[in-house]
Amino acid sequence: MSEQSVNPKALIEHVARVLVNAPDQVIVEEVDEDGELVIELEVAEDDMGRVIGKSGKIARAMRNLLHIVGTKLNRRCELEILE
């Protein structure tokens, strides 16, 4: 996979759409805050538990994936799950 094909927003959007019952309500936005790429994820209220997971395991896994992509891009990436 080349660096040009690495897209943190698309990765999180794909993972979230697979996890939830209402994939059409998944909204993902990129925000640049002081050189840090923040990916904001919003899902339907009923799907919030599916994205967070038991004890936050799924959210932690998505953050780990995003951290790996950020390392490849030489950029700090964070995931915020909006309510």
Side-chain angles (χ1 to χ4, degrees):
M1 182 180 270
S2 68
E3 286 187 32
Q4 290 80 16
S5 66
V6 177
N7 185 342
K9 178 183 175 186
L11 174 68
I12 295 300
E13 186 172 1
H14 176 72
V15 171
R17 286 184 188 273
V18 170
L19 290 172
V20 300
N21 287 329
D24 56 320
Q25 293 185 25
V26 172
I27 300 170
V28 180
E29 293 184 17
E30 287 182 335
V31 178
D32 191 6
E33 293 181 1
D34 300 325
E36 177 178 274
L37 181 64
V38 178
I39 305 294
E40 295 179 343
L41 173 63
E42 190 172 351
V43 297
E45 190 174 330
D46 294 341
D47 289 327
M48 194 61 93
R50 291 178 171 277
V51 171
I52 294 173
K54 276 191 177 174
S55 302
K57 287 184 180 181
I58 294 174
R60 193 169 324 131
M62 291 193 327
R63 287 185 173 105
N64 285 339
L65 282 172
L66 200 53
H67 176 73
I68 292 166
V69 170
T71 301
K72 184 153 183 84
L73 295 174
N74 294 321
R75 192 162 185 204
R76 186 177 167 107
C77 297
E78 293 292 327
L79 175 66
E80 288 185 10
I81 300 173
L82 305 176
E83 292 185 33

Exercise. Would you say Arg60's side chain and Ser55's backbone share a donor-acceptor pair under 3.5 angstrom?
Worked result: yes
Seminar exercise, completed: side-chain contact (heavy atoms from CB on, under 4.5 Å) with Leu79: of Val38, Leu41, Leu37, only one passes, and it is Leu41
Exercise. Rounded to the nearest 0.5 Å, how far does NZ of Lys54 lie from CD1 of Ile52?
Worked result: 14.5 Å
Problem set entry | CG-CZ distance between Leu65 and Arg63, expressed to the nearest 0.5 angstrom | 12.0 Å
Please table the atom pairs, donor to acceptor, closer than 3.5 Å between any side-chain atom in residues 13-28 and protein atoms at least two apart or in another chain.
residue	atom	partner	partner atom	Å
Glu13	OE2	Arg17	NE	3.2
Glu13	OE2	Arg17	NH2	2.9
Arg17	NH1	Pro23	O	2.5

For this session: For the residue pair Ile81 and Met48, establish whether any side-chain heavy-atom pair is separated by less than 4.5 Å.
Result: yes
Exercise. Atom CG of Leu66 and atom OG1 of Thr71: how far apart are they, to the nearest 0.5 Å?
Worked result: 9.5 Å
Seminar exercise, completed: Taken to the nearest 0.5 Å, the spacing of Met62 CE from Ile39 CD1 works out to 11.0 Å
For this session: Flag the pair Lys9 and Glu30 as a salt bridge only when some basic side-chain nitrogen lies within less than 4.0 angstrom of an acidic carboxylate oxygen.
Result: no
Exercise. Of the non-hydrogen atoms in Pro8 and Val6, which two are nearest, and what is the gap between them?
Worked result: CD-O, 3.9 Å
Problem set entry | Spatial distance of atom CD1 (Ile68) from atom SG (Cys77) [nearest 0.5 Å] | 11.5 Å
For this session: With rounding to the nearest 0.5 Å, note down the distance linking CD in Glu29 to CD in Glu42.
Result: 8.0 Å
